[in-house]
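To start, the structure under review is shown below, and the notes come after it.
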2 protein chains.
Amino acid sequence: MRDATTEPTPLAHEVVAAVLQVRAGSLRVMLWERALEPHAHRWSLPGGQLGRGEDIEASIRRQLAEKVDIRQLAHVEQLAVFSAPDRVPGPRVVATAFLGLVRSDADPAVPPDTDWFPVDDLPVTAFDHGAIVLRARDRLRAKLSYTNIGFALAPPAFTMSELRGIYSAALGYSVSATNLQRVLARRGLLESTGDTTKPGRSGGRPATLFRFTNTGMQVTDPFAVLRPPGRR
Amino acid sequence: MRDATTEPTPLAHEVVAAVLQVRAGSLRVMLWERALEPHAHRWSLPGGQLGRGEDIEASIRRQLAEKVDIRQLAHVEQLAVFSAPDRVPGPRVVATAFLGLVRSDADPAVPPDTDWFPVDDLPVTAFDHGAIVLRARDRLRAKLSYTNIGFALAPPAFTMSELRGIYSAALGYSVSATNLQRVLARRGLLESTGDTTKPGRSGGRPATLFRFTNTGMQVTDPFAVLRPPGRR
DNA sequence: GCAAAAGTGTTATTGGTACACCCATGG
DNA sequence: CCATGGGTGTACCAATAACACTTTTGC
């Protein structure tokens, strides 16, 4: 059966990324304002066409390098394919979406048409990019719970109070510094740098500085239930 | 910058699926034997080119309908994109991979070049299809723990003993029927059909038949840790 | 009655949240 | 010595695994 529906069709494949960062107290996504139609003046995700000799991860890293300093990208992972035939006007384009994370201490230089928006208060977005941002947000929130992915949001060294702020902003609700420390410490994800911060004018005990023991994502809470028998 | 690497390239997009089923006591994947080069006589995943007017999920359902009775597919979900430039010989093809699940009571008629293989003992596979199967397996195993996805592996009605067998085969280790029942019951996923089975010749108490309360996947164990405050 | 299979009761343990309390500093 | 913020100790709680025990059947 060869009809218009099933005919093999060479088609364009673009790669886009929702790059998230905790900045100014909230979880934000990097968007740029389209100058041209279609969807002029709407905000959209960075990305572009998949090139000839690159796989999709290399492609998104290349495309993002034009927007942000690539060294600032602490983590990149595939999200999903968006393939509705009418997702963009004109010739068909299938998109693979990525989640990218930038540490909160980084402040990458971005072009003038580019800005950061809270993921919970997005402007009018182009195409299906709003849905992609929400998928990225949800993926990050889930992974904060069962992986060490916080390393990609936090600075290289931080106090528990700072980390609490980062997790709270990313998750969208208040996290206790006490319990956050315990959860991460129990999993062996935290270590002290040996340094402490100086208290502010109003006093207070100096905070010890921590770092994540690993960079590179790993699952730390693999089996919630139905775990294999006999592992004391 | 327009060079061979970044030049927009119309390219072929194929959609493939690892269709898994618990049969003959083990978790198996449906593969078909390629007749033609490249990779003649190697075993490969069903799939094909993305058609013009369809999104990728419609596409994989269409392609699978040629191999198995589509009504037998209890669950379908996106896995990931495989995009290495040399993943198949010849002109470039990017693949979106899916996970498909068939209930263990179904025995879909399949073409003569098609067979079921244990996911933990695969034959020589074509291209990167072996890696795709392992991704599908791992995704299923993870989701058995924190979703109700068992509904897509189990028959419409089952004893706890049968369900234990299905979960054990899918997970690759022995699961206790006692605790399995408690976990699923606590989450409200099981209900009795009211019927019971007749014991075999050797006696034993009749087993009550259960069903899953929901078809359609849902996350049942959303937050392992770092849950929002104050939800007693 | 006895073996077999299903199902329930009970306990121990784990991992998590909440909160009281102690610690170290500036003024 | 008091206010401030950091860190720890501990009580409580929910979920789960392990296993002993009870129930219901065939022979």
- Ranking C:dT25, D:dA15, D:dT25 by distance to the side chain of A:P199, first place goes to C:dT25
- Message: Using whole Å, what does the distance between atom P of nucleotide C:dG16 and atom CG of A:L184 come to?
- Response: 10 Å
- Item | Euclidean distance, atom CZ of residue B:R186 to atom P of C:dG9 [Å, nearest integer] | 14 Å
- Task: For the pair A:F158 and A:F212, evaluate ring pair (Phe, Tyr, Trp, His ring centres under 6.0 Å) and give the outcome as yes or no after the intermediate values.
- Result: CA-CA 9 Å; A:F158 47 82; A:F212 278 91; 5.4 Å; yes
- Message: Whether the side chain of A:R182 and the base of D:dT10 hold a donor-acceptor pair under 3.5 Å is what I'd like checked.
- Response: yes
- Item | Nearest to side-chain heavy atoms of B:N179, which nucleotide of D:dA17, D:dG6, C:dA18 | D:dA17
- Message: By nearest heavy atom, map A:L180 and A:R201 onto DNA chain C; which one lands nearer the 5' end?
- Response: A:L180
- Message: What is the separation between atom CZ on A:R205 and atom C1' on D:dA3, rounded to the nearest whole Å?
- Response: 16 Å
- Item | Polar pair under 3.5 Å, donor/acceptor by atom type, side chain B:R187, base D:dT16 | no
- Using a heavy-atom cut-off of under 4.0 Å over every strand shown, decide if B:S161 touches base, sugar-phosphate, or nothing. sugar-phosphate
- Note on the structure: Picking from C:dG9, D:dT16, D:dG7, the nucleotide nearest the side-chain atoms of A:M160 would be D:dG7
- Base, sugar-phosphate, or nothing: which does B:T208 touch, judged by heavy atoms less than 4.0 Å apart? sugar-phosphate
- Query: Quick check: are there more than 12 heavy atoms from other residues, nucleotides or ligands sitting under 6.0 Å from CZ of B:R211?
  - Reply: yes
- Side-chain N or O of B:R227 closer than 4.0 Å to phosphate OP1/OP2 of C:dG16: no
- Query: Looking at A:W32, A:F117, A:W116, which hits ring pair (Phe, Tyr, Trp, His ring centres under 6.0 Å) with A:W43?
  - Reply: A:F117
- Which whole-number value in Å describes the distance from A:L226 CG to D:dA15 C1'? 12 Å
- Atom CZ of B:R164 to atom P of D:dA17: distance rounded to whole Å? 14 Å
- Query: Does the B:T159 side chain pair with the main chain of B:A207, one donor and one acceptor, at a distance under 3.5 Å?
  - Reply: no
- Query: Where the side chain of A:T178 is defined as all heavy atoms beyond and including C-beta, which of D:dA15, D:dG9, C:dG9 is the nearest nucleotide?
  - Reply: D:dG9
- Would you say the side chains of B:E54 and B:S59 form a donor-acceptor pair under 3.5 Å? yes
- Message: Expressed as a whole number of angstroms, how long is the span from A:F158:CZ to D:dG6:C1'?
- Response: 15 Å
- Tell me which nucleotide among D:dG6, C:dG15, D:dT24 gets nearest to the side chain of B:P206. D:dT24
- Item | Upstream residue (5' side of DNA chain D) when B:G200 and B:D221 are each assigned their closest nucleotide | B:D221
- Integer-rounded Å distance: C:dG15 C1' and A:Y146 OH: 19 Å
- B:I60 vs B:T96 side-chain heavy atoms within contact, under 4.5 Å: no
- Item | Length of the CG-C1' vector between A:L190 and D:dG7, whole Å | 13 Å
- Item | Nearest-nucleotide pick for B:F210, side chain only, options being D:dG5, D:dT16, C:dG7 | C:dG7
- Message: So, OP1 or OP2 of C:dA18: does either fall under 4.0 Å of a side-chain N or O from A:S176?
- Response: no
- Query: Does A:Q181 place a side-chain N or O at less than 4.0 Å from the phosphate oxygens OP1/OP2 of D:dT8?
  - Reply: yes
